[in-house]
Asks: 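Right, I'll just put the structure down here and ask away after.
The analysis underlying the following values was restricted to heavy atoms, covering all of them including side chains, and did not include hydrogens, waters or symmetry mates. Below, read A as the first sequence line, B as the second, and so on, with proteins coming before strands; counting in each chain starts at 1.
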Amino acid sequence: MSEVRVRFPPSPTGYLHIGSARTALYNWLYAKKYGGKLVLRIEDTDAERSTQESIDGILEGMKWLGLDWDEGPYFQTQFDAEHKAAAQKLLDSSDAYKCFCTKELLDTKREAAREAKSEYGYDGTCRNLAEDELAAKVQSGLEYVIRFKTPEDDGTVAFDDEVYGHIEKKHSELEDFVIVRSNGSPLYMLCNVVDDIRDRITHVIRGADGLGNTPRQVLLYKALGAPLPVFAHMPLTLDHQKAKISKRKHGEIVAVHFYRDKGFIPWALCNFLALLGWSPGDDRELFTRDEMIEAFTLKRINRSNSIFNYKKDDPKFFTDPKALSVNAHYIRTMALDELGALVKPFLEKAELWDADYEGGKKEWYFSTLELIRERFHTLNDFAEAGRAYFGEGFEFEERALKKNIVKNPRLREWLPLLAERFEALDEFNPETAEACARALCDELEVKPGVIINGMRTVVTGRLAGPSMFDALMAIGRERVTMRLKEVEKVFALAG
RNA sequence: GGUCCCUUCGUCUAGCCUGGCCUAGGACACCGGCCUCUCACGUCGGCGACACGGGUUCAAAUCCCGUAGGGACCA
């Protein structure tokens, strides 16, 4: 069996979006599974909309996701001559012909067909022009497009899609489609086939929006004398309105870089994306790379479109809740050294990073991450909700002030008192701190919850968090007592 | 408009090919219990779907026909 070669051919007309990323992922998984090669080809023929930033963004996105490619990036524009040569070859073999019909003429005919309620397809006016007639038209400098000559018999074009099954289309239902525009530029339909032939692509794994064009492409493969690749079309990802997710309509929320900046773990995003339209056939949903490569098959790709479940302006979930949940799972289960490295850029950005976290304070750094990671959903949470552990200047949650502070004005006496007791402790560990705090509660005849929760808010700014006495250790006696003594400031904030 | 494709809990899905194991399984989300210094984790439980209508069959989510809805491509 020959080597598996797949490709990912994005158009550089914007950032890498998650739908494209999923296509790239499926191709990558397939290549990895069969020890094949993934070819990255930038389809930059639309010069007006293609930009260098976009190319860079796509490459960065792929790298960030960990989807490495084996060849490329190739650029479609580099092969312009080859695309034109293929068109010439089809002309030479009489599989294509020059068509001089003007746009106006075709529009008129289309309109007439509509009024007559008959189906419109190109009528083949130029298909059988006599030699001299053709020569005369070329001579006179008339503009022309090149059309592919669809077989006129009552046969069919057929192929077997790995996902959608056997697809058959009657020749009579395919009109003589254009392969080269009047300005001489070849159409996507042709370029794509020529490139896939040159790159010796064995499996075309792409979005189901390519399904409709596949019969035409099959015709091109045959006319060009090339072997057919295996086709596998994957369902599209839609929004709640059943509209294809797109950069234009949805903006950043569909951009891969958005997830990077929001604190997603690359593989967590891949894991989530893989599940949109594919399942292993059992109940597994979380995979390591190797597990997913092993489990992945084209046959288990779904046929129905899936909905990317995000609601605009949802206060609780900024994106699909399942994506967040998958990300949270990785945050709380991954190795601490890996997590530490992923959190680092977020702390740096928030100016909370201390180089010693990779040196003398490494142990503290890791144990603190472990302590707080359980309730976080994104890497960014470490720098925001977790700010009190890494530095000063943290915010106080409105709800926390209301519930834990304002209700108990006497905390302004109790908390500084508690700070003094903490300072007096020979040893400051979770047990001694807790015993000390509870003893004070007994003395004051206050419920422990009042003091503990008040302390939580003053020390961490939050309504909820890890077990209080463990949190105290992570923050350290000095910072704890300092914050407790400044309880007055917190009351001031609470208004 | 033409051609093709799709339709199982709110969302992602298993089951469909090879009808009975399906009083339809899992995950996320939601609700409640336990745990508890709070929240989370964990755990236990709950809510919740076979688009609709016919047919075939002893038996249909599963097979057939039709309808509706959605999507893609072409124009």
Asks: With both distances under 3.5 angstrom, what nucleotide forms a Watson-Crick or G-U wobble pair with rU38(B)?
Replies: none
Asks: For RNA chain B, which residues in residues 370-406 of chain A have a heavy atom at a distance below 4.0 Å?
Replies: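 The answer is Glu374(A), Arg375(A).
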Asks: Is the phosphate of rA40(B), meaning OP1 or OP2, less than 4.0 Å from a side-chain N or O of Arg462(A)?
Replies: no
Asks: Pick the nucleotide of RNA chain B nearest each of Gly212(A) and Asp470(A); which residue has the one closer to the 5' end?
Replies: Asp470(A)
Asks: Between Phe376(A) and Phe382(A), is a ring pair (Phe, Tyr, Trp, His ring centres under 6.0 Å) present by the stated rule, with each step listed?
Replies: CA-CA 7 Å; Phe376(A) 290 166; Phe382(A) 288 90; 4.9 Å; yes
Asks: When you check every protein heavy atom under 4.0 Å of nucleotides 10-19 of chain B, what one-letter string (B, S, -) results, 5' to 3'?
Replies: -SBSSS----
Asks: With sequence neighbours left out, what residues match Asp239(A) under salt bridge (charged side-chain N to carboxylate O under 4.0 Å, His left out)?
Replies: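 Applying salt bridge (charged side-chain N to carboxylate O under 4.0 Å, His left out) to Asp239(A) gives none.
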Asks: I'd like to know if Arg456(A) reaches the base of rC39(B) with its side chain, counting only an N/O donor and acceptor under 3.5 Å.
Replies: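 No, no donor-acceptor pair under 3.5 Å.
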Asks: Could you identify the nucleotide paired to rA24(B), looking across every strand shown and requiring Watson-Crick or G-U wobble geometry with both distances under 3.5 Å?
Replies: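 With both distances under 3.5 Å required, rA24(B) matches none.
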Asks: Applying the Watson-Crick and G-U wobble criteria at under 3.5 Å, what pairs with rG66(B)? Answer none if nothing qualifies.
Replies: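 Its partner is rC52(B).
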Asks: Would you sort out whether Phe258(A) and Phe264(A) count as a ring pair (Phe, Tyr, Trp, His ring centres under 6.0 Å), showing the intermediate values?
Replies: CA-CA 9 Å; Phe258(A) 176 80; Phe264(A) 262 71; 8.6 Å; no
Asks: Identify, with sequence neighbours excluded, every residue that meets side-chain contact (heavy atoms from CB on, under 4.5 Å) alongside Thr481(A).
Replies: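 Ala419(A), Phe422(A), Glu423(A), Arg477(A).
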Asks: Here's a test of your reading of the structure: between Lys169(A) and Gly449(A), which maps to the more 5' nucleotide of RNA chain B?
Replies: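 That would be Lys169(A).
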Asks: Establish, with yes or no, whether the OP1 or OP2 oxygen of rA27(B) is under 4.0 angstrom from a side-chain nitrogen or oxygen of Arg284(A).
Replies: no
Asks: Check whether any side-chain heavy atom of His240(A) lies under 4.5 Å from a side-chain heavy atom of Ile307(A), and answer yes or no.
Replies: yes
Asks: Taking salt bridge (charged side-chain N to carboxylate O under 4.0 Å, His left out) as the definition, give me every residue that meets it alongside Arg22(A), ordered by chain and number, with sequence neighbours left out.
Replies: none
Asks: Evaluate Trp278(A) against Phe272(A) for ring pair (Phe, Tyr, Trp, His ring centres under 6.0 Å), listing each step before the verdict.
Replies: CA-CA 10 Å; Trp278(A) 172 83; Phe272(A) 165 73; over 10 Å; no
Asks: Salt bridge between Asp209(A) and Lys244(A), side-chain N to carboxylate O under 4.0 Å?
Replies: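 Answer for the salt bridge query: yes.
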Asks: The criterion is ring pair (Phe, Tyr, Trp, His ring centres under 6.0 Å); which residues satisfy it with Tyr389(A), sequence neighbours excluded?
Replies: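 Scan of Tyr389(A) (ring pair (Phe, Tyr, Trp, His ring centres under 6.0 Å), adjacent residues dropped) gives none.
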